[in-house]
Amino acid sequence: MSGTGIFGGSFDPVHEGHRKLALEAIGQLGLDRLIVMPTATSPFKIGRKHTSGADRLAMCKLAFDGHPEIETSDLELKRGGVSFTYLTVKELARPGQKLYLLTGADAFLSVQRWKYAPLIAQDVFFVGVSRSDHEQDELKKHADYLQALGFSVQLMPFAPLPISSTEIRRRLKLGLSTEGLLLPPVRDYIFSHGLYGSGKP
Ligand code: ATP
Ligand code: MG
């Protein structure tokens, strides 16, 4: 099997949960290429202040270093503005080859409402990542609904790490440990650049 996946997020900062998901998607979906795509501004996070795109991109590169099948793309950061998926898919789609778009449960449950969703659906498999049996049942129902709309969908069961960038930012600001949450080179980058209030007494 082969295929290209897209894993989008704000990655502010990228953490071990993201890494685990990326590696598992490669295995479960049989991908030979996974594009990690930091968003400029997510349509769902408009108004939220982010760390610079350059820093988020640099941290993603450090986190996925040593995995030749994973590349970090600056496509959405370079485009700027709100990162609409239909624009990204239009740029990356190749005739006759669908892209695998990784979506967490919240995103999967609303893909049909995304801007130009039917256009996106022409070029992608929407991969719904479910994190529990309960979520799996909910996503399965929605997958049936999306299939009836003509969308290609796939579900991917996944045991997530209980980590979020929000919690990591909070811990860094308070000077609490991020052991096991961040890859060491990413942690070093954060401290050497004084990001998230790290390094302050
Ligand atoms: P924030 O707390 O700022 O929202 P986040 O940790 O949720 O950050 P995002 O950049 O928003 O990270 O997420 C990018 C993608 O990674 C999303 O699809 C999200 O579902 C997934 N993801 C986030 N945290 C985890 C985790 N711990 N395990 C697996 N996947 C995760
Ligand atoms: Mg999030």
Side-chain angles (χ1 to χ4, degrees), residues 5-29 31 34-64 67 70-77 82-85 88-89 99-111 114 120 124-136 138-139 142 153-174 176 178-183 186-187 189-190 195-198:
I6 303 178
F7 181 28
S10 31
F11 302 117
D12 191 13
V14 65
H15 54 64
E16 284 289 18
H18 296 134
R19 245 168 57 88
K20 185 176 182 223
L21 178 63
L23 297 177
E24 198 147 319
I26 288 172
Q28 282 201 38
L29 304 169
L31 305 177
L34 181 68
I35 305 173
V36 172
M37 183 75 72
T39 52
T41 300
S42 158
F44 307 107
K45 291 183 181 172
I46 292 172
R48 195 205 275 191
K49 219 175 153 309
H50 278 308
T51 309
S52 80
D55 283 330
R56 289 184 289 122
L57 188 75
M59 290 187 281
C60 284
K61 288 198 164 140
L62 289 170
F64 295 108
H67 296 280
I70 304 181
E71 62 194 78
T72 300
S73 169
D74 61 0
L75 191 72
E76 293 190 349
L77 291 172
V82 178
S83 298
F84 287 111
T85 300
T88 303
V89 166
L99 297 161
Y100 292 81
L101 194 69
L102 304 186
T103 57
D106 285 6
F108 185 76
L109 292 171
S110 69
V111 291
W114 290 4
I120 302 173
V124 311
F125 285 104
F126 291 101
V127 179
V129 181
S130 65
R131 298 178 291 186
S132 63
D133 288 346
H134 169 71
E135 214 172 71
Q136 172 83 359
E138 197 183 359
L139 294 198
H142 199 69
V153 295
Q154 194 156 333
L155 296 184
M156 181 180 129
F158 172 67
L161 300 177
I163 305 177
S164 71
S165 300
T166 302
E167 170 64 9
I168 290 170
R169 291 193 300 271
R170 188 187 76 84
R171 298 186 74 84
L172 287 165
K173 205 167 161 188
L174 295 174
L176 301 174
T178 52
E179 187 78 45
L181 309 180
L182 290 169
L183 205 72
V186 173
R187 190 177 177 279
Y189 184 98
I190 288 172
L195 302 181
Y196 310 110
S198 62

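Ligands are counted one by one from 1 in listed order, and the atoms in each one are counted from 1 as well. The structure displayed is predicted, hence computed values, not measured ones.
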*Where is the tightest heavy-atom contact between Phe126 and Trp114, given as atom of each residue plus distance?*
CE2-CZ3, 4.4 Å

*Which atoms of ligand 1 have any heavy atom of Pro160 under 4.0 Å away?*
28 (N)

*asked:* Taking the side chain as everything from C-beta on, heavy atoms only, tell me whether Leu102 gets closer than 4.5 Å to Leu34.
replied: yes

_Leu183 vs Leu62 side-chain heavy atoms within contact, under 4.5 Å_ = no

_What I'd like to find out is whether the side chain of Leu181 reaches to under 4.5 Å of the side chain of His15, using heavy atoms alone._
no

_Side chain, backbone, both or neither: which applies to Arg48 and ligand 1 if a contact is any heavy-atom pair less than 4.0 Å apart?_
side chain

*Identify, for atom 30 (N) of ligand 1, the protein heavy atom at the shortest distance, and state residue, atom and that distance.*
Leu21 CD2, 3.7 Å

*Is there a heavy atom in His15 that sits closer than 4.0 Å to ligand 1?*
yes

_Testing the 3.5 Å rule here: is there a donor-acceptor pair between the side chains of Ser165 and Asp12?_
no

*What are the atoms of ligand 1, with element, lying closer than 4.0 Å to any heavy atom of Gly9?*
10 (O), 14 (C)

_Taking atom 2 (O) of ligand 1 as the reference point, the nearest protein heavy atom with its distance_ = Thr166 OG1, 2.4 Å

*Out of curiosity, is Ala107 lining ligand 1, as in a heavy atom under 4.0 Å away?*
no

*Compare all side-chain heavy atoms of Leu195 with those of Tyr189 and state whether any distance is below 4.5 angstrom.*
yes

*Report, in ascending order of atom number, the atoms of ligand 1 lying under 4.0 Å from any heavy atom of Phe11.*
10 (O)

*With under 30° as parallel and over 60° as perpendicular, where do the rings of Phe11 and His18 fit, or are they tilted in between?*
perpendicular

*Report the nearest protein non-hydrogen atom to atom 31 (C) of ligand 1: residue, atom name, distance rounded to 0.1 Å.*
His18 CD2, 4.3 Å

*asked:* Could you identify the single nearest non-hydrogen protein atom to atom 29 (C) of ligand 1 and state the distance to 0.1 Å?
replied: Phe158 CE2, 3.3 Å

_Starting from atom 15 (C) of ligand 1, what is the nearest protein heavy atom, named by residue and atom, and what distance separates them?_
Phe7 CE1, 3.5 Å

*Compare every heavy atom of Val36 with every heavy atom of Cys60, then report the nearest pair and how far apart it is.*
SG-CG1, 4.1 Å

*Looking only at heavy atoms, what is the nearest atom pair of Leu77 and Pro38, with distance?*
CG-O, 3.7 Å

*asked:* Looking at ligand 1, would Asp12 count as a contact under a 4.0 Å heavy-atom criterion?
replied: no

*Apply salt bridge (Lys or Arg N to Asp or Glu O under 4.0 Å) to the pair Arg171 and Glu167, showing each step before the final yes or no.*
CA-CA 6 Å; Arg171 298 186 74 84; Glu167 170 64 9; 3.3 Å; yes

_Suppose we measure from atom 18 (O) of ligand 1 to each protein heavy atom; which comes out shortest, and what is that distance?_
Gly104 N, 3.9 Å

*Considering only protein heavy atoms, determine whether one is less than 4.0 Å from atom 10 (O) of ligand 1.*
yes

*asked:* Heavy atoms only, cut-off 4.0 Å: how does Arg169 contact ligand 1, side chain, backbone, both, or neither?
replied: side chain

*Does the protein put a heavy atom under 4.0 Å from atom 23 (C) of ligand 1?*
yes

*Side chain or backbone of Arg131 under 4.0 Å from ligand 1, or both, or neither, by non-hydrogen atoms?*
neither

_Proximity to ligand 1 by part of Lys45, non-hydrogen separation under 4.0 Å_ = side chain

_Counting C-beta onward and ignoring hydrogens, is there a side-chain heavy-atom pair between Glu135 and Pro157 closer than 4.5 Å?_
no

*Name the closest protein heavy atom to atom 7 (O) of ligand 1, giving the residue it belongs to and the distance to 0.1 Å.*
Ser164 CB, 4.7 Å

